[in-house]
Amino acid sequence: MPHDTPLISTIVGGIVLAFIFGAFAHRLRMPPLVGYLIAGVLVGPHTPGYVADQSLAPELAEIGVILLMFGVGLHFSVKDLLSVRGIAVPGAIVQIVFATLLGWGLGAFMGWSTGGSLVFGLALSVASTVVLLKALQERRLVETERGRIAVGWLIVEDLAMVLALVLIPAAASIGGEGHAPVEPLSAGLNRLFGLDLGIGGMIAMTLVKVALFVALMLVFGRKLIPWTMHRIAHTGSRELFRLGVLAIALGVAFGAAKLFGVSLALGAFFAGMVLAESELSHRAAQESLPLRDAFAVLFFVSVGMLFDPNILIDKPLPILATIFIIVIGKSVAAFLIVLAFKKPLGTALTISASLGQIGEFSFILAAFGVELGLLPEEGRDLILAGAIISIILNPLLFFLCDRMRPLLDGAKREDVVADPAPAADAIAAQEEMPREDDEVHPTALSGHAILVGYGRVGSIVGQNLKSSATPFLVIEDSDKRIGELKAQGIETLSGNAVMRETLDLANLSGARSIAIAIPNAFEACRIIEQARSVNPSILIVARAHSDAEVDELKQYGADTVIMGEREIALGMVDRLAQVHHESVPYEDGHGPDTIMPTDDPPPERE
């Protein structure tokens, strides 16, 4: 076996150091991604010691971006994308133009060429998909209106950057700057038919290729991909199903990039979006999750590897100006744009915080600009420094927006009250003010039950609580389910039950019981721990998938843990006993052919 194994050493070094420094960052109450970035700096060429392979790390990170965008597509249907086109398309375009002008101005001030300054401005205008999705997932906002607008906004930015990657060489060749390569399809037409398409033809060719890819995915892909996954699922092989999910995500992304010039991330997003229309989408998301998280970590490590810490000393003022454009300029522009579309204040704050950073497309543009001779290496270093610092500051930006929201809400209400208009006009003005679609308020219930999660298990528990007239509320993070629950008149809190603030809103201290119906045992343990510390006498019922999870949940304080597989087996035994031993029928209230698990398992049988 050869001793020179750069692929293995890069993966091992990146993941091990990311784990160590991510754990330290979490211990210091900082986002783990800060630790991942520091790990990348340590294995990069600008620090002493071990140096990871700089060509392999970005390619490994790209796999993480593909899987992450595929997962987002699984939860983002065509209907969701079209529902936010009215704000995502014009908003993203205006924000890109504004940020590009700010970056162009800074580049011109530093004496760069026009082409280099525009590349610099474009690189500062596009946010990181990975960072945005991590932030939205941590706050359970992906499936809310705010999350859909933010993801749709970034999809538009990605499309704009795909177009920019074609226009930059064309502009460089026309302006005489740099050494621009020729677009392959345009060169082929020119060679075969003597057609010189020019910059207008290149733009049209790019739009045609992107439109052709989207049309193929929506017409043929939405039939072929779900059909393929159903056929694989019918084989009964979990291994083949997992392999099929990865093959579709990676294969469609790679094919989109090679055949249509679409970004890998955008190709993976559409692959996931067409698969989302299948009932297997949830299973596909679960199967791709472990690899998605692992390779997403390598993305942050690869970013850290590119960073030269010396630039913080050599170029402090340009770095501050770059960070100002990314964190302040873009965020303020996005905030004002969203408010101009009469969206709620919370939505405007979330979008502005989400876009206050840059990432993967910025690195691609920076490398492309340097390769073409447009952007000086100093510009690339500023982009990398701005990316890393803005990524580190992004959680702080979310924190500040969360703190600003109550103050701004209060100022709006005071403006309405201070208006000397008649009372009827004041009421009408208040009604016209945008309201949060996912606003949460503390419950007035006491002595009630709290139900965490309203999926396949939680919905059965909830319907039984409702039919027995038991006062209860549901904590749920799916925007679709929240709408359905509210339509049924069931009190619902939007949020993550792991967060102490959400449990406080549910009046945990005054509740009699809490049923944790989510399948994630790690999060369930955190909820149980907090519930037991706040209300020692509360009844805690949880679910598990293995004996090890049962033991762990009970160690954290659960009173009763139901393991689904055991309850299914006991239900089947009861049904068989009715036929073979003429035992008393199992009473479940759902007819003779359906066995539903109860809170207390049937007695053990010999």
So, N507 side chain and L445 main chain: donor-acceptor pair closer than 3.5 Å or not? yes
Heavy-atom donor-acceptor pair, E157 side chain to A127 backbone, under 3.5 Å: yes
Gap separating the [atom1] atom of [X] from the [atom2] atom of [Y], nearest 0.5 angstrom:
X: L154; Y: I149; atom1: CG; atom2: CD1; answer: 13.0 Å
X: I527; Y: I475; atom1: CD1; atom2: CD1; answer: 7.5 Å
X: E59; Y: L298; atom1: CD; atom2: CG; answer: 12.5 Å
X: S513; Y: L465; atom1: OG; atom2: CG; answer: 7.5 Å
X: C525; Y: I516; atom1: SG; atom2: CD1; answer: 8.5 Å
X: L216; Y: F270; atom1: CG; atom2: CZ; answer: 11.5 Å

Please determine, by modelled atom types, if S537 and N535 share a side-chain donor-acceptor pair under 3.5 angstrom. yes
Is there a donor in the side chain of Y556 and an acceptor in the side chain of Q530, or the other way round, less than 3.5 Å apart? no
Could you pull out the closest heavy-atom pair between E565 and H545, with the gap in Å? OE1-O, 3.6 Å
Go through the steps for E523 and R526 under the test salt bridge (charged side-chain N to carboxylate O under 4.0 Å, His left out), then give the verdict. CA-CA 5 Å; E523 290 190 356; R526 307 282 82 76; over 6 Å; no
Enumerate the side chain to side chain donor-acceptor pair (under 3.5 Å) contacts for residues 465-474, please, sequence neighbours excluded, ordered by first and then second residue. S468-T470
Applying salt bridge (Lys or Arg N to Asp or Glu O under 4.0 Å), which residue pairs with at least one partner in residues 233-244 are found, sequence neighbours left out? R238-E287, R242-E287
Applied to residues 532-551, the salt bridge (Lys or Arg N to Asp or Glu O under 4.0 Å) test, sequence neighbours excluded, yields R532-D559, D547-R566
